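There's a structure below that I have some questions on.
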2 protein chains.
Amino acid sequence: MLPPLSADEPAFEGQVPFDDRGLAYGDGVFETVLLRAGKPVLWDYHMARLRQGCQRLGINVPCPASLEATWQGAPTATLEVLKIILTRGTGGRGYAQPDTVVPRLLSRRTPFQPSAERWRSGVTVRLCDLRLSRQPRLAGIKHLNRLENVLARQEWNDAGIAEGLLVDSDDVVVEATSMNVFWQQAGEVFTPLTDQCGVAGTLSAALVDQGAVKQATLRLSQLPAVEQCWVANSVQGMWPVNTLLAADGSVLKRWPACEGDSLQRLAHQLLGYAPESY
Amino acid sequence: MLPPLSADEPAFEGQVPFDDRGLAYGDGVFETVLLRAGKPVLWDYHMARLRQGCQRLGINVPCPASLEATWQGAPTATLEVLKIILTRGTGGRGYAQPDTVVPRLLSRRTPFQPSAERWRSGVTVRLCDLRLSRQPRLAGIKHLNRLENVLARQEWNDAGIAEGLLVDSDDVVVEATSMNVFWQQAGEVFTPLTDQCGVAGTLSAALVDQGAVKQATLRLSQLPAVEQCWVANSVQGMWPVNTLLAADGSVLKRWPACEGDSLQRLAHQLLGYAPESY
């Protein structure tokens with residue numbers, strides 16, 4: 001195993017060279033983190049997922065100080081989004097990695113404002129044509145091979161559609177293009193397993209740890225029968241889904257508004273989005 | 001649609017910025033081209049695959065002059081390998097691409113020498129544990145989402161094993177980690193379809209066009225019964241497979257040596273590897 005990145009090796013915004021394996025093969029992982037009051041929200045969950053991704057791909061995890069350096073100096077008065085990219089590093093003959101390879105850590109912070117209107121009024125979500133492929137070796141981690149998400153997001157260009165719902169090749173509900181999915185059935189809330197495809201959400205993991213959500217399998221055909229549906233992530237917060245459209249634009253299902261439901265309240269408490277900020 | 005890259009926009013070796021979508025999502029395609037006597041070999045096939053990849057991903061194809069500029073000035077006395085990376089370019093809010101986005105074309109040339117010994121004596125190939133996922137939307141094109149190949153190539157570290165054989169989640173034979181597979185049955189030669197996964201090889205396409213090879217489906221269970229097996233690509237040429245190992249190292253099958261068989265002769269004629277150079 002390689003030594004961890006040293007604490008004095010700072011993350012950088014800059015560029016990656018032609019032969020960086022992140023560029024060549026998508027050989028790396030990333031995280032997108034909400035920064036509030038200059039501190040990362042759900043940092044332990046983001047780091048757990050990053051570590052799991054590194055372990056799965058065989059990339060050495062940077063030391064905590066290098067990772068924490070990515071958000072140090074963030075402004076305390078405004079929200080920001082921190083994006084971290086960690087690639088395996090440079091080189092190798094083809095797909096084989098070099099005997100010694102130093103991971104490359106990059107990061108960028110961007111000002112951010114969530115859409116409180118979507119928290120209140122809910123959103124329209126469209127079922128994507130694209131079916132996610134099932135690959136347990138890559139499922140759950142936030143790796144850099146995201147062409148399925150890119151292709152799915154290309155399917156619509158209507159600002160009135162907030163997200164695209166993704167199901168896999170077995171018609172199992174997995175996620176939205178950049179958010180996780182939650183549904184209520186018999187008064188309990190569930191979110192999909194991510195053992196075959198999809199990204200394991202950090203907010204989702206925190207809600208499971210809180211006992212508010214369980215992991216389960218939902219087939220597309222069962223979705224219209226659920227009592228309520230949400231899409232959420234650790235940056236945007238939780239949007240109630242009020243309308244689910246088929247790929248052709250027809251309405252598959254409408255759900256009643258559920259602003260300020262207990263699941264959203266808990267999610268926003270975890271993210272620091274206080275009810276009075278709506 | 002965006003205008004094509006202008007002829008005076010040269011390809012460059014350089015770096016890509018943090019927000020290049022090739023780095024962020026593997027949102028792009030690549031080609032690896034043999035340069036002989038300063039000219040690309042099977043250029044039309046490489047360009048056809050690159051165009052198909054761009055069409056599938058919705059990336060504008062650079063103009064021919066920009067692509068040809070990647071190999072101009074190559075030495076005429078030695079072999080080189082040209083690698084071209086074409087990304088969708090910079091930016092976008094998450095997976096959605098910006099309204100205007102300029103593809104980024106990068107290239108690098110490297111001296112190359114094929115392994116004539118492998119042409120003559122054949123190679124040992126190992127069946128990989130990893131199963132390729134089936135995703136028809138990405139199958140066949142040489143996109144930048146190559147983590148399955150990276151993980152498969154990590155499975156062994158024995159210089160005596162030349163390649164890893166990849167089968168998909170349905171146990172259909174697809175390819176080797178960086179080469180295509182060919183097999184002989186009842187005197188005819190076949191190569192897998194690449195409509196569910198795998199990369200459509202340029203040498204493979206040329207051999208199909210020559211009438212020497214047909215596309216067919218081969219299940220893993222049928223492989224030991226074939227009369228001969230090869231792995232090949234447009235850079236390395238064609239290696240007869242003399243031994244197929246299981247993932248645990250046990251021998252699944254040995255094939256007799258077939259140096260200089262008619263398929264290899266034709267492949268090497270297409271690539272300019274003359275028999276006397278063996």
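Note that the structure is a prediction, hence the values are computed from the model and not measured. Computation of the quantities below employed the complete heavy-atom set of this structure, encompassing side-chain atoms and omitting hydrogens, waters and symmetry-equivalent molecules. Letters A, B, ... are given to chains in the order of the sequence lines, protein chains preceding strands, and every chain is numbered from 1.
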field: Arg51(B), Arg49(B), Lys142(B), Lys83(B) screened by salt bridge (charged side-chain N to carboxylate O under 4.0 Å, His left out) with Glu31(B), the one that passes
entry: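 Per the salt bridge (charged side-chain N to carboxylate O under 4.0 Å, His left out) rule, the option paired with Glu31(B) is Arg49(B), out of Arg51(B), Arg49(B), Lys142(B), Lys83(B).
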- request: Report the residue from Val41(B), Leu34(B), Leu271(B) that forms a side-chain contact (heavy atoms from CB on, under 4.5 Å) with Ser234(B).
  value: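 With Ser234(B) as partner, side-chain contact (heavy atoms from CB on, under 4.5 Å) holds for just one option, Leu271(B).
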query: Side chains of Ser115(A) and Gln236(A): is there a donor and an acceptor less than 3.5 Å apart?
result: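 There is no such pair (donor and acceptor under 3.5 Å, judged by atom type) between the side chains of Ser115(A) and Gln236(A).
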message: Shorter than 4.5 Å, heavy atoms on both sides: which option in Leu130(A), Leu23(A), Leu57(A), Leu147(A) has the most such pairs with chain B?
response: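 Option with the greatest count: Leu147(A).
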task: Check for a donor-acceptor pair, side chain of Asn60(A) on one end and backbone N or O of Val101(A) on the other, with a separation under 3.5 Å.
output: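 Judged by distance alone, no pair lies under 3.5 Å.
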query: Measuring heavy-atom distances to chain B, does Arg146(A) have an atom under 4.5 Å in its side chain, in its backbone, in both, or in neither?
result: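 It is both, since atoms from each part get that close.
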message: side-chain hydrogen bond (donor to acceptor under 3.5 Å, both in side chains), that's the test. Do Arg21(A) and Thr90(A) meet it? Break it down for me.
response: CA-CA 6 Å; Arg21(A) 296 176 61 98; Thr90(A) 288; over 6 Å; no
query: With chain B, which of Gly28(A), Cys197(A), Ala24(A), Ala152(A) has the greatest number of heavy-atom pairs at distances under 4.5 Å?
result: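 Ranked by heavy-atom pairs under 4.5 Å with chain B, first place is Ala24(A).
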task: Please check if any side-chain donor atom of Gln135(B) sits under 3.5 Å from a side-chain acceptor atom of Glu148(A), or the reverse.
output: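 Yes, because at least one side-chain N or O of Gln135(B) sits under 3.5 Å from a partner of the opposite role on Glu148(A).
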Chain A contacts, top residue of Val150(B), Thr87(B), Thr177(B) (heavy-atom pairs, under 4.5 Å):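 Of the options given, most contacts go to Val150(B).
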message: Asn233(A) vs Asn180(A), test: side-chain contact (heavy atoms from CB on, under 4.5 Å). Steps then yes/no.
response: CA-CA 6 Å; Asn233(A) 67 29; Asn180(A) 287 111; 5.5 Å; no
- prompt: Any idea which of Asp20(A), Asp27(A), Thr110(A), Thr32(A) has the most non-hydrogen atom pairs under 4.5 angstrom with chain B?
  reply: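 Result: the option with the highest number of such pairs is Asp27(A).
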- request: Examine whether an atom of Arg131(A) lies under 4.5 Å from a heavy atom of chain B, and if so say whether it belongs to the side chain, the backbone or both; otherwise answer neither.
  value: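 Contact with chain B: backbone only.
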- prompt: What part of Leu138(B) lies closer than 4.5 angstrom to a heavy atom of chain A: side chain, backbone, both or neither?
  reply: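 It is the side chain, since no backbone atom gets that close.
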- prompt: Side chain, backbone, both or neither: which part of Leu132(A) has a non-hydrogen atom closer than 4.5 Å to chain B?
  reply: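 Backbone only.
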query: Of all the residues in residues 154-173 of chain B, which have a heavy atom that comes within less than 4.5 Å of a heavy atom in chain A?
result: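 Residues of residues 154-173 of chain B touching chain A at under 4.5 Å: Gln154(B), Glu155(B).
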query: Would you call Asp19(B) and Arg108(A) a salt bridge, taking side-chain N to carboxylate O under 4.0 Å as the test?
result: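 Looking at Arg108(A) together with Asp19(B), the answer is yes, because their closest N to O distance falls below 4.0 Å.
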- request: Flag this pair as yes if the NZ/CZ of Arg36(A) is under 6.0 angstrom from the six-membered ring centre of Tyr273(A) and inside a 45 degree cone about the axis; otherwise no.
  value: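 The answer is yes, since Arg36(A) meets both limits relative to Tyr273(A).
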query: Under a 4.5 Å heavy-atom cut-off, does chain A meet the side chain of Arg56(B), its backbone, both or neither?
result: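 For Arg56(B), the backbone is the part near chain A, not the side chain.
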task: Work out which heavy atom in Ile141(A) is nearest to a heavy atom in Gly53(A); give both atom names and the distance.
output: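 Scanning both residues, the minimum pair turns out to be CG2-CA, 3.6 Å.
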